[in-house]
Amino acid sequence: MMIELALNILDLVENSIKAKASFIEISLDESTIDDILALKIMDNGQGMDNDFARSIKSPFVTTRTTRRVGLGIPFIRQITEMCEGEFNIASEKGKGTKLEAVMKNSHIDRPPIGDIAGAIHSLIVLNPDIDFKFTYKKDNNNYSIDSREWKEVLGEVPINSLEVQKLLKKDINEGLKNLGR
Ligand SMILES: Nc1ncnc2c1ncn2[C@@H]1O[C@H](COP(=O)(O)OP(=O)(O)O)[C@@H](O)[C@H]1O
Ligand SMILES: [Mg+2]
């Protein structure tokens, strides 16, 4: 199975969007020294009650009645297990959800990160009413983009206008390129 993490991230963020989050924070933290890749997704959506959040750590739990092959939580759980890592999800009803997946970066089963620039760009322009903060940290360097800051500068100009879409793409692509992605 060679599914890119970027696609899995899109799927996990879809959960946050369905939970009516207005702010979603995504971070990827790559450490050469510790040989770790850590993914965090935090949202301020409706959350889950304790029992459900606990049960979700076991495979194939869903509130949906029709099931496609899930790219969601079961996938990231399986990946972290395969990659000698750790998966955790903490949630509070009415407050939000925090998901954390840590992997051994050099592990042979660690999926490629894939088109994370494209994924973040799509999330921001396709969900103009939701705010996103994305941080990519690689050892001592990092790139960060916060749609709230962009919106503040843009004023009345919509974040999904064509001109802004291009600027966002440039910012994200260049930011990640500088980190060697
Ligand atoms: N960020 C989140 N906020 C609230 N509920 C969530 C969140 N992430 C996952 N869930 C709950 O966990 C379930 C399982 O998620 P997932 O594995 O992505 O499968 P699916 O989205 O197909 O149901 C979801 O149906 C939802 O009820
Ligand atoms: Mg899902």
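Along the sequence shown, residues carry numbers from 1.
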To the nearest 0.5 Å, what is the distance between [atom1] ([X]) and [atom2] ([Y])?
X	Y	atom1	atom2	result
H121	K166	NE2	NZ	10.5 Å
R110	M82	CZ	CE	12.0 Å
N50	S55	CG	OG	10.5 Å
I36	N105	CD1	CG	9.0 Å

Review point. What residue among V157, I159, V164 forms side-chain contact (heavy atoms from CB on, under 4.5 Å) with K151?
Key: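 Going through the options one by one, the only one that passes is I159.
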Point to revise | Result of checking L28, V102, I113 against L39 for side-chain contact (heavy atoms from CB on, under 4.5 Å) | key: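 Of all the options given, the one that passes is L28.
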Practice item. Check step by step if side-chain contact (heavy atoms from CB on, under 4.5 Å) holds for I172 and Y136. Key: CA-CA 10 Å; I172 299 168; Y136 191 105; over 6 Å; no
Review point. Yes or no on side-chain contact (heavy atoms from CB on, under 4.5 Å) for I124 and W150, after CA distance, side-chain angles and deciding distance?
Key: CA-CA 11 Å; I124 294 173; W150 278 69; over 6 Å; no
Check your understanding: After noting the C-alpha distance and the side-chain angles of N15 and I73, does the key distance pass the side-chain contact (heavy atoms from CB on, under 4.5 Å) rule?
Key -> CA-CA 9 Å; N15 290 337; I73 288 164; 4.1 Å; yes
Review point. When hydrophobic residues are tied together by side-chain contacts of less than 4.5 Å, even through go-betweens, does Y143 share a cluster with V153?
Key: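 No, because Y143 and V153 fall into different hydrophobic clusters, even though each may have its own neighbours under 4.5 Å.
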Below 4.5 Å, heavy atoms only, C-beta onward: do [X] and [Y] meet side chain to side chain?
X	Y	result
L5	P112	no
I26	L123	yes
D11	F75	no
I17	I24	yes

Practice item. Please report the C-alpha distance between T135 and S27 in whole Å, then the side-chain angles of each, then the deciding distance to 0.1 Å, and finally whether the side-chain hydrogen bond (donor to acceptor under 3.5 Å, both in side chains) criterion is met. Key: CA-CA 5 Å; T135 306; S27 76; over 6 Å; no
Is the backbone N or O of [Y] less than 3.5 Å from a side-chain atom of [X], with the two atoms forming a donor-acceptor pair by type?
X	Y	result
D131	F23	no
E30	L37	no
S91	K98	no
N44	S22	yes

Point to revise | Salt-bridge contact E81-R77 (side-chain N to carboxylate O under 4.0 Å) | key: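 The answer is yes: the pair qualifies as a salt bridge.
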Review point. Do other residues, nucleotides or ligands put more than 12 heavy atoms under 6.0 Å from K93 NZ?
Key: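 Yes, the 6.0 Å shell around NZ holds more than 12 heavy atoms from other groups.
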Check your understanding: Yes or no on side-chain contact (heavy atoms from CB on, under 4.5 Å) for I76 and F87, after CA distance, side-chain angles and deciding distance?
Key -> CA-CA 8 Å; I76 191 70; F87 173 79; 3.5 Å; yes
**Study point:** Partners passing salt bridge (Lys or Arg N to Asp or Glu O under 4.0 Å) against K95 (at least two apart in sequence or in another chain)
**Key:**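 Applying salt bridge (Lys or Arg N to Asp or Glu O under 4.0 Å) to K95 gives E92.
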Check your understanding: Partners of E84 by salt bridge (Lys or Arg N to Asp or Glu O under 4.0 Å), sequence neighbours excluded?
Key ->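 Result, salt bridge (Lys or Arg N to Asp or Glu O under 4.0 Å) vs E84: none returned.
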